[in-house]
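What follows is a single structure, written as structure tokens, with notes after it.
So that the names make sense, note that chain A is the first sequence line, chain B the second, and so on, each numbered from 1.
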Amino acid sequence: MSELKDIGITTRKEDDFSEWYTQVVTKAGLIDYSPVKGFIVLKPYGYRIWEIIKESLDKKLKESGHQNGFLPILIPESLLSKEKDHFKGFTPEVFWVTKAGDTILPDKLAVRPTSETLAYQIFSKWIMSYRDLPLKINFWNSALRAEIKSTKPFIRNSEFLWQEGHTVHENQQEAEEEVLLILNYYHSIIENFLAIPTLKGIKSEREKFVGALYTNTLESLMPDGKALQMATSHNLGQNFSKPFEIRFLGRDSKQYFAWQTSWGISWRLIGALIMIHGDNKGLILPPKIAPIQVVIVPIFKKKDRAIVIEESKKLFAELNSFDLRITVDDREEYTAGWKFNDWEIKGVPLRINIGLRDINNNNLEIVRRDTGEKMSIKRKDCINSLHVYLDQIQKSLFEKAKIIQNNNIVKITNYDEMKKLLNEKGGFILADWCEKEECENNIKIETGADIRLIPFEKYPSDNKCIYCNENSKKTVIFAKAY
RNA sequence: GGGGUUGUGGUCUAGUUUGGUAGGAUACCAGCCUCGGGCGCUGGGGACCGUCGGUUCAAAUCCGGCCAACCCCA
């Protein structure tokens with residue numbers, strides 16, 4: 001097998017994780033590189049994964065009264081700088097448009113790093129009274145943040161696809177409910193569709209979204225021991241409504257500043273998907289997110305070609321009437337063996353092998369991508385078996401990932417031990433923290449790890465800050481992060 | 001932010017030390033074939049050697065700038 005060097009994945013996940021990731025992303029046909037640093041091209045197969053994520057979230061958002069809109073990509077500097085913390089946080093990575101043709105623009109324009117400021121300037125015009133609230137709008141777009149140094153497809157790019165939701169409410173409680181509702185949507189999609197276990201919590205002051213009151217987050221652990229932020233949902237309080245003057249006439253005929261939220265997920269989720277589930281043969285996609293859930297591969301000698309292709313197409317037509325994403329690989333130019341490998345790199349969860357042998361016996365061979373298991377089934381049981389196996393794969397991918405994540409959440413009470421663990425294998429480190437930013441900063445400097453989240457789940461506290469030994473009531477999760 | 005590696009048909013690469021205009025594999029196209037794990041055979045097409053400049057009679061090769069990708073560390 002090792003002489004098949006430059007066709008398949010040539011590095012093992014456990015030997016060189018970074019190199020493995022790069023190979024899977026390109027060889028599975030998800031992306032290509034663009035000529036501009038930090039920008040990637042999403043190929044149809046990769047884009048389809050994003051579409052499926054998008055469709056599943058979009059449905060939930062619409063069901064709960066959110067509407068989609070579209071905002072332009074350019075934001076005047078004066079607007080971007082209106083909320084001071086926000087501006088300071090984003091300005092180092094903003095792309096600026098300074099010319100229109102040969103004309104130098106008198107006021108430079110920011111290419112959106114995120115749309116709060118633009119959206120809220122507009123919202124202030126739309127909102128007059130409590131009758132205009134709540135306003136719940138979502139934007140499926142891209143955001144641009146200059147990544148000068150290190151980039152990684154899906155994980156760190158200068159432009160990324162995402163959605164940003166922005167809501168405006170009458171009171172704080174409604175904003176709080178919104179932020180949690182969305183966090184739960186994200187949680188459900190990530191665990192039930194992407195089959196990635198993820199932890200819910202809140203960000204520390206240091207790590208929260210600049211300009212927010214607080215930031216809720218979902219964090220997952222990658223196989224190399226680093227954390228990846230999967231989603232964020234911010235309660236903005238009145239921090240933006242004041243500078244942007246989003247005021248409304250209340251039910252008591254008095255003027256109030258509105259309460260706001262913003263939230264987003266990005267194509268980073270695709271990066272997580274690859275890292276968590278992939279193996280040394282390539283991608284493994286959970287059925288619910290797979291652009292192709294089942295591939296039919298006809299196997300034939302030339303003289304039998306017509307029969308086998310015809311049977312394959314008949315099978316395809318039958319199965320296609322069910323709610324399945326399915327395709328038949330009738331390409332003549334490749335051998336069956338070649339196709340097996342091809343679909344394995346692409347991570348298609350189930351493959352049906354059909355040859356003359358199977359046709360004569362009224363059988364089909366089903367192969368699971370995640371385990372490699374081959375099963376012979378009766379042709380008439382096909383649709384049932386497919387559903388059963390797809391279900392099993394979806395569950396088993398999640399369970400496997402869950403066990404790994406749980407094994408790597410480690411309670412630590414000794415700082416040296418923490419440093420050692422972070423250095424050797426990483427992981428989620430449960431430790432107590434006194435809530436002083438100084439300790440948080442020092443830990444970051446000395447270990448490279450920061451507080452990924454203050455988990456909603458309560459863990460037993462040992463009442464002493466891991467760094468300064470002073471009183472603590474909070475157990476938080478530290479990790480190195482992407 | 002600091003350091004390192006790399007760039008040659010679509011892909012992987014030889015050639016660079018010691019300058020003389022590029023060779024292979026794979027992929028592609030045509031035709032055969034016994035297509036159940038990246039088959040085999042015959043023939044064919046495809047290269048501004050990342051880019052810009054310098055040195056030279058002559059540059060993939062030497063020198064410099066730039067662009068891009070990858071890796072490690074903060």
Side-chain angles (χ1 to χ4, degrees), chain A residues 1-11 15-29 31-41 43 92-93 146-159 224-226 280-282 295-309 311-312 328-346 348 351-361 363-369 371-377 419 422-424 426 441-450 480-482:
Chain A
M1 282 288 157
S2 59
E3 63 272 11
L4 305 171
K5 271 210 160 71
D6 22 321
I7 314 175
I9 308 299
T10 59
T11 312
D15 291 345
D16 187 344
F17 187 68
S18 280
E19 168 69 17
W20 170 87
Y21 178 82
T22 311
Q23 285 196 22
V24 173
V25 168
T26 50
K27 292 186 177 175
I31 68 135
D32 204 344
Y33 294 99
S34 90
V36 183
K37 183 175 175 57
F39 290 78
I40 56 171
V41 175
K43 296 166 97 171
E93 45 194 20
E147 292 293 346
I148 301 301
K149 186 67 178 141
S150 64
T151 60
K152 196 184 267 297
F154 294 123
I155 301 298
R156 190 171 288 272
N157 295 105
S158 289
E159 180 179 20
D224 59 350
K226 284 158 93 174
N280 292 330
K281 286 179 165 179
V295 60
I296 302 170
V297 177
I299 301 163
F300 51 80
K301 303 183 192 337
K302 183 152 194 186
K303 64 180 167 59
D304 308 323
R305 179 171 185 277
I307 306 170
V308 179
I309 291 281
E311 277 301 312
S312 305
V328 49
D329 187 351
D330 58 358
R331 289 177 291 180
E332 280 183 63
E333 62 272 33
Y334 297 111
T335 61
W338 195 95
K339 291 174 184 175
F340 297 163
N341 286 285
D342 192 39
W343 294 112
E344 278 163 2
I345 294 179
K346 290 190 149 67
V348 174
R351 189 178 77 233
I352 300 176
N353 291 345
I354 175 166
L356 204 58
R357 202 165 76 195
D358 308 286
I359 294 168
N360 290 335
N361 298 332
N363 277 347
L364 293 169
E365 186 176 62
I366 296 191
V367 188
R368 274 177 72 152
R369 172 60 181 92
T371 58
E373 233 178 314
K374 290 182 177 177
M375 284 107 17
S376 183
I377 59 153
K419 275 202 274 198
L422 280 168
N423 239 331
E424 283 168 6
N441 282 338
N442 288 338
I443 291 170
K444 170 78 182 176
I445 293 163
E446 291 167 24
T447 70
D450 49 40
K480 291 190 185 179
Y482 273 101

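Taking atom CH2 of W338(A) as the reference point, atom P of G36(B) lies 14 Å away to the nearest angstrom. The nearest whole Å value for the distance from the CG atom in N341(A) to the P atom in A27(B) is 13 Å. In this structure, I148(A) atom CD1 and G2(B) atom P are separated by 12 Å, rounded to whole Å. What separates NZ of K281(A) from C1' of G37(B) is a distance of 8 Å, to the nearest Å. The distance from atom CG of D342(A) to atom C1' of C35(B) is 15 Å, rounded to the nearest whole Å. Regarding K303(A), its NZ atom lies at a distance of 14 Å from the C1' atom of G36(B), rounded to whole Å. G37(B) atom C1' lies 13 Å from atom CZ of R357(A), rounded to whole Å. In this entry the distance linking CD1 of I296(A) with C1' of G36(B) reads 17 Å, nearest Å.
Contact annotation: the side chain of W20(A) approaches that of N280(A) to within less than 4.5 Å [non-hydrogen atoms, C-beta and beyond].
Within the nucleic acid shown, R305(A) has no heavy atom closer than 4.0 Å to any nucleic acid atom. Residue L356(A) is in base contact, counting any heavy-atom pair closer than 4.0 Å across all strands shown. Using a 4.0 Å heavy-atom distance criterion, P35(A) is classed as a sugar-phosphate-only contact. Within the 4.0 angstrom heavy-atom criterion, base atoms lie near R351(A). Contacts of E333(A) with the nucleic acid, taken as non-hydrogen atoms under 4.0 Å apart, are absent.
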- request: Starting at the 5' end of nucleotides 69-74 of chain B, put B wherever the base has a protein heavy atom under 4.0 Å, S where only the sugar-phosphate does, and a dash everywhere else.
  value: SSSS-S

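Between the P atoms of G4(B) and G65(B), the separation comes to 14 Å (whole Å). Taking atom P on both A59(B) and C52(B), the two are 14 Å apart, rounded to the nearest angstrom. Across U6(B) and C63(B), the matching P atoms stand 13 Å from one another, rounded to whole Å. With both ends at atom P, the span from C66(B) to G10(B) equals 27 Å, rounded to whole Å. Distance check on atom P: G9(B) versus G3(B) gives 30 Å, rounded to whole Å. Using C1' as the reference atom, A69(B) and U56(B) are 32 Å apart when rounded to the nearest Å. Comparing C67(B) with A27(B), their P atoms are spaced 37 Å from each other, to the whole Å. Across U18(B) and C73(B), the matching P atoms stand 35 Å from one another, rounded to whole Å.
Of all heavy-atom pairs between K27(A) and I345(A), the closest is O-CG2, 3.5 Å. I148(A) and K37(A) make their closest contact through O-CE, 2.7 Å (heavy atoms, listed as atom of the first residue, atom of the second, distance).
G7(B): Watson-Crick or G-U partner is C67(B), with both key distances under 3.5 Å. In a base pair of the Watson-Crick type (N1 to N3 plus N6-O4 or O6-N4) or a G-U wobble (N1-O2 and O6-N3), with each distance short of 3.5 Å, A22(B) is matched with no nucleotide. Of all nucleotides present, none satisfies the Watson-Crick or G-U wobble test against A14(B) with each distance under 3.5 Å. Applying the Watson-Crick and G-U wobble criteria (two distances, each under 3.5 Å), C62(B) pairs with G54(B).
Checked against G37(B), C35(B), G38(B), the side chain of I345(A) finds its nearest nucleotide in G38(B). Minimum atom distance to the side chain of Y334(A) is reached by C28(B), of the listed G36(B), G37(B), C28(B).
For the atom pair CD1 of I296(A) and CH2 of W343(A), the computed distance is 11.0 Å after rounding to the nearest 0.5 Å.
Between the base of G37(B) and the side chain of K374(A) there is a donor-acceptor pair shorter than 3.5 Å. One donor-acceptor pair, N or O on each side, does fall under 3.5 Å between the base of G36(B) and the side chain of D358(A).
The closest donor-acceptor contact from the side chain of S34(A) to the backbone of F39(A) lies under 3.5 Å. Between the side chain of E365(A) and the backbone N or O of K374(A) there is no donor-acceptor pair closer than 3.5 Å. Not one N or O on the side chain of K339(A) forms a donor-acceptor pair closer than 3.5 Å with the backbone of I299(A).
A donor-acceptor pair shorter than 3.5 Å can be found between the side chains of D224(A) and Y482(A).
Counting non-hydrogen atoms of neighbouring residues, nucleotides and ligands closer than 6.0 angstrom, the CD atom of E332(A) reaches no more than 12 such neighbours.
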